[in-house]
A.B. asks: 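If you scroll down you'll find the structure; I have some questions about it.
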Amino acid sequence: MPQDPSADPASDPAPDPASGPATDPAPDPAPDPAPDAVVRYADHEDALIDLHLPPEPNGTLLVLVHGGFWKHRYDRTHTRHQARAFAAAGYLVATPEYRRVGGGGGWPTTAYDVAAAVTALPDLLAGLGLTYERAAMTGHSAGGHLALWLLSRPLPVTFDVVAGLAPVCDLVLADELGLGDGAVARFLGGAPVAEADPMSLLGDAPGPRVLLVHGIADEEVPVDLSRRFVAAHPWAHLTELPGTGHYEFLDPASTAFRAVESAVRSSP
């Protein structure tokens, strides 16, 4: 254990040689890997998209929408280990930033920012000489809400598959449960929930295959949200992961991440 710098060294007993070497302190977590490029899709401060480039491209563009209950203090950087792992597996990864609650965002600005980023992405990639053959999208937590909401809008990118990872896909239930310390009410800012809720906005099956992946042990966004979504929309498929909570999807070494990669590889 590291020594408290305020302690008096003379008051500590001398180490016992027979007990072996002292335990080293745990290393600091690895720093977030920097993206290979950052492009801008609009004029505001958060109008940025991280690009992580694959060393051996598999032809798939992956749009990765970050979560954080739409709150300003959670930005795209917390998904960079996930993004880098996808890039290492061959994906061209684009992680859009967007304005969030407490930083100029909220409904509908936050959602419109993500739509603007995806709309601008083909030209931005072409400007860098980057190409792709197919596209997929994932969104974790509130990012899953935004990814599913995008399915209600026309987009210039044709996605084969959209995967919601522990998504906030039922805003009515999320609000009733007070998830994220009342995050839904703050995100909506008084707007009718039906304007922003994929549960009510999505009717017939959209073009992409829609997959939800949710941990049964998730205490931040309970799996009941995804269960209710697929009950209302039978064209969506739910994979439930026993023993998985909310944050394992961000860990490239987790079983949850492998389930996500499998979902992204799937085609209609």
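Keep in mind it's a predicted model, so treat the numbers as computed, not measured. Numbers here simply count residues along the sequence, with the first being 1. Values below: all heavy atoms of this structure, side chains included; hydrogens, waters and symmetry mates excluded.
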A.B. asks: Any side-chain heavy atom of Val157 sitting closer than 4.5 Å to one from Pro122?
C.D. replies: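 Yes, at least one pair of side-chain atoms sits under 4.5 Å.
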A.B. asks: Under a 4.5 Å side-chain heavy-atom rule over Ile, Leu, Val, Met, Phe, Trp and Tyr, are Leu201 and Trp235 clustered together?
C.D. replies: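 Yes: a chain of side-chain contacts under 4.5 Å links Leu201 to Trp235.
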A.B. asks: Going from OG1 on Thr79 to CZ on Phe249, what distance comes out if it is rounded to the nearest 0.5 angstrom?
C.D. replies: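 Rounded to the nearest 0.5 Å, the OG1-CZ separation comes to 14.5 Å.
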A.B. asks: If you measure from CD on Glu219 to CG on Leu179, what distance do you get to the nearest 0.5 Å?
C.D. replies: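 Going from the CD atom of Glu219 to the CG atom of Leu179 covers 12.0 Å.
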A.B. asks: Does the side chain of Pro208 reach to within under 4.5 Å of the side chain of Val161, using non-hydrogen atoms?
C.D. replies: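 Result no, sub-4.5 Å side-chain heavy-atom pair not found.
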A.B. asks: Looking at every heavy atom in both Leu202 and Ser152, which two are closest together, and how far apart are they?
C.D. replies: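 Looking at all heavy atoms of both residues, the closest pair is CD2-N, 3.8 Å.
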A.B. asks: State the CD-CZ distance between Glu97 and Arg40, to the nearest 0.5 angstrom.
C.D. replies: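 Here the interatomic distance stands at 11.0 Å.
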A.B. asks: In sequence, state the C-alpha distance, the side-chain angles, and the governing distance for Arg209 and Asp160, and then conclude on salt bridge (Lys or Arg N to Asp or Glu O under 4.0 Å).
C.D. replies: CA-CA 6 Å; Arg209 186 179 184 200; Asp160 285 352; over 6 Å; no
A.B. asks: Are the charged groups of Glu240 and Arg227 less than 4.0 angstrom apart, N to O?
C.D. replies: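 Looking at Arg227 together with Glu240, the answer is yes, because their closest N to O distance falls below 4.0 Å.
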A.B. asks: Partners of Thr255 by side chain to side chain contact (heavy atoms under 4.5 Å, CB included), sequence neighbours excluded?
C.D. replies: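 Testing Thr255 for side chain to side chain contact (heavy atoms under 4.5 Å, CB included), a comparison that skips the adjacent residues, returns Arg258.
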A.B. asks: Minimum heavy-atom separation for Ile49 and Ala94, please, with both atom names.
C.D. replies: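 Nearest pair, atom of Ile49 first, then Ala94: CG2-CB, 3.9 Å.
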A.B. asks: Roughly how far, to the nearest 0.5 Å, is NE2 of His237 from OG1 of Thr239?
C.D. replies: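 Answer rounded to 0.5 Å: 3.5 Å.
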A.B. asks: Do Leu177 and Val101 belong together in a cluster built from hydrophobic side chains that touch within less than 4.5 Å?
C.D. replies: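 Shared cluster, yes.
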A.B. asks: Strictly under 6.0 Å, is that where the ring centroids of Phe86 and Phe257 end up?
C.D. replies: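 Yes, the ring centres sit under 6.0 Å apart.
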A.B. asks: One pair to check against side chain to side chain contact (heavy atoms under 4.5 Å, CB included): Leu121 and Tyr41. What are the steps and the verdict?
C.D. replies: CA-CA 8 Å; Leu121 193 53; Tyr41 64 87; over 6 Å; no
A.B. asks: Any sub-3.5 Å donor-acceptor pair from Arg100's side-chain atoms to Tyr74's backbone N or O?
C.D. replies: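 Side chain of Arg100 to backbone of Tyr74, a donor-acceptor pair under 3.5 Å: yes, one is there.
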A.B. asks: In the single-linkage hydrophobic clustering (I, L, V, M, F, W, Y; side-chain heavy atoms under 4.5 Å), do Tyr132 and Val118 co-cluster?
C.D. replies: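 Same hydrophobic cluster.
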A.B. asks: Indicate the atoms forming the closest heavy-atom contact of His72 with Gly103, along with that distance.
C.D. replies: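 Closest heavy-atom pair between His72 and Gly103: ND1-CA, 3.6 Å.
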A.B. asks: Under a 4.5 Å cut-off applied to non-hydrogen side-chain atoms, are Pro108 and Trp149 in contact?
C.D. replies: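 Side chain of Pro108 against side chain of Trp149, heavy atoms only: no contact under 4.5 Å found.
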A.B. asks: Roughly how far, to the nearest 0.5 Å, is the CZ atom of Phe187 from the CG atom of Leu171?
C.D. replies: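 If I round to the nearest 0.5 Å, the distance is 7.0 Å.
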A.B. asks: Would a 4.5 Å heavy-atom cut-off, applied to side chains only, mark Ser141 and Val168 as touching?
C.D. replies: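 Answer yes - side chains close enough.
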A.B. asks: After noting the C-alpha distance and the side-chain angles of Leu212 and Leu148, does the key distance pass the side chain to side chain contact (heavy atoms under 4.5 Å, CB included) rule?
C.D. replies: CA-CA 10 Å; Leu212 308 185; Leu148 292 170; 4.2 Å; yes
A.B. asks: Are a donor atom and an acceptor atom from the side chains of Arg134 and Thr60 found within less than 3.5 Å of each other?
C.D. replies: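 Per modelled atom types, Arg134 and Thr60 side chains form a pair under 3.5 Å.
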A.B. asks: List the atom of Ala217, the atom of Gly243, and the distance in Å for their closest heavy-atom pair.
C.D. replies: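 Nearest pair, atom of Ala217 first, then Gly243: CB-C, 4.1 Å.
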A.B. asks: Would Leu128 end up clustered with Val38 when hydrophobic side chains under 4.5 Å apart are linked, directly or stepwise?
C.D. replies: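 In one cluster with Leu128: Val38, no.
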A.B. asks: Taking the ring centre of each residue, are His78 and His66 less than 6.0 Å apart?
C.D. replies: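 Yes.
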A.B. asks: Would you please name every residue forming a side chain to side chain contact (heavy atoms under 4.5 Å, CB included) with Ala142, sequence neighbours left out?
C.D. replies: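 For Ala142 the side chain to side chain contact (heavy atoms under 4.5 Å, CB included) partners, ignoring immediate neighbours, are Trp70.
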A.B. asks: Please check this pair: side chain of Ser254 against backbone of Glu248, looking for a donor-acceptor N/O pair closer than 3.5 Å.
C.D. replies: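 Yes; judged by distance alone, with no hydrogens or angles, the pair exists.
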A.B. asks: Please collect all side chain to side chain donor-acceptor pair (under 3.5 Å) contacts where either partner lies in residues 183-203, sequence neighbours excluded, each pair once.
C.D. replies: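 The answer is Trp107-Glu195.
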A.B. asks: What heavy-atom pair brings Ala166 and His246 nearest, and what distance separates the two atoms?
C.D. replies: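 Heavy atoms only, the tightest pair is CB-ND1, 3.6 Å.
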A.B. asks: Evaluate the side chain to side chain contact (heavy atoms under 4.5 Å, CB included) criterion for residues Ile216 and Thr244: first the C-alpha distance (whole Å), next the side-chain angles of each, then the deciding distance (0.1 Å), finally the verdict.
C.D. replies: CA-CA 6 Å; Ile216 295 176; Thr244 296; over 6 Å; no
A.B. asks: Just jot down the side chain to side chain contact (heavy atoms under 4.5 Å, CB included) partners of Thr138, sequence neighbours excluded, or say none.
C.D. replies: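 Counting only residues at least two positions away or on another chain, Thr138 forms a side chain to side chain contact (heavy atoms under 4.5 Å, CB included) with Leu62, Leu64, Ala163, Leu165, Val260, Val264.
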A.B. asks: Should Arg76 and Leu48 count as side-chain neighbours, where that means a heavy-atom distance under 4.5 Å?
C.D. replies: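 Yes - at least one pair of side-chain heavy atoms lies under 4.5 Å apart.
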A.B. asks: A side-chain contact here means heavy atoms from C-beta on lying under 4.5 Å apart; do His44 and Asp113 qualify?
C.D. replies: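 When only atoms from C-beta onward are counted, Asp113 and His44 do touch, with a gap below 4.5 Å.
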A.B. asks: If a pair satisfies side chain to side chain donor-acceptor pair (under 3.5 Å) and one of its residues is in residues 164-173, list it, with sequence neighbours excluded.
C.D. replies: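 Every side chain to side chain donor-acceptor pair (under 3.5 Å) pair that includes a residue of residues 164-173, provided the two are not neighbours, is Asp170-Arg228.
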A.B. asks: For the residue pair His52 and Tyr91, is the inter-centroid distance of their aromatic rings smaller than 6.0 Å?
C.D. replies: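 No; Tyr91 has its ring centre 6.0 Å or more from that of His52.
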A.B. asks: Testing Val230, Leu241, Asp224, Leu238 for side-chain contact (heavy atoms from CB on, under 4.5 Å) with His214, which one passes?
C.D. replies: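 Answer after filtering Val230, Leu241, Asp224, Leu238: Leu238.
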A.B. asks: Go through the steps for Tyr98 and Thr109 under the test side chain to side chain contact (heavy atoms under 4.5 Å, CB included), then give the verdict.
C.D. replies: CA-CA 8 Å; Tyr98 50 85; Thr109 300; over 6 Å; no
A.B. asks: Suppose we screen for side chain to side chain contact (heavy atoms under 4.5 Å, CB included). Which residues come up paired with Glu176, at least two apart in sequence or across chains?
C.D. replies: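 Side chain to side chain contact (heavy atoms under 4.5 Å, CB included) list for Glu176, sorted by chain: Val172, Leu173.
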A.B. asks: May I ask you to test the Leu51-Val93 pair for a side-chain heavy-atom distance under 4.5 Å?
C.D. replies: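 A side-chain contact is absent here, since even the closest heavy-atom pair is not under 4.5 Å.
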A.B. asks: Enter the distance from Asp123:CG to Leu125:CG here, rounded to the nearest 0.5 Å.
C.D. replies: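 Here the interatomic distance stands at 9.0 Å.
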A.B. asks: For the residue pair Lys71 and Ala183, what are the closest heavy atoms and their distance?
C.D. replies: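 The pair with the smallest heavy-atom distance is CE-CB, 4.1 Å.
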A.B. asks: So do the side chains of Pro167 and Val221 get within less than 4.5 Å of each other, counting heavy atoms only?
C.D. replies: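 With C-beta onward as the side chain, the pair stays apart.
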A.B. asks: Is there a path of hydrophobic side-chain contacts, each under 4.5 Å between heavy atoms of I/L/V/M/F/W/Y residues, joining Leu124 to Met137?
C.D. replies: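 Yes.
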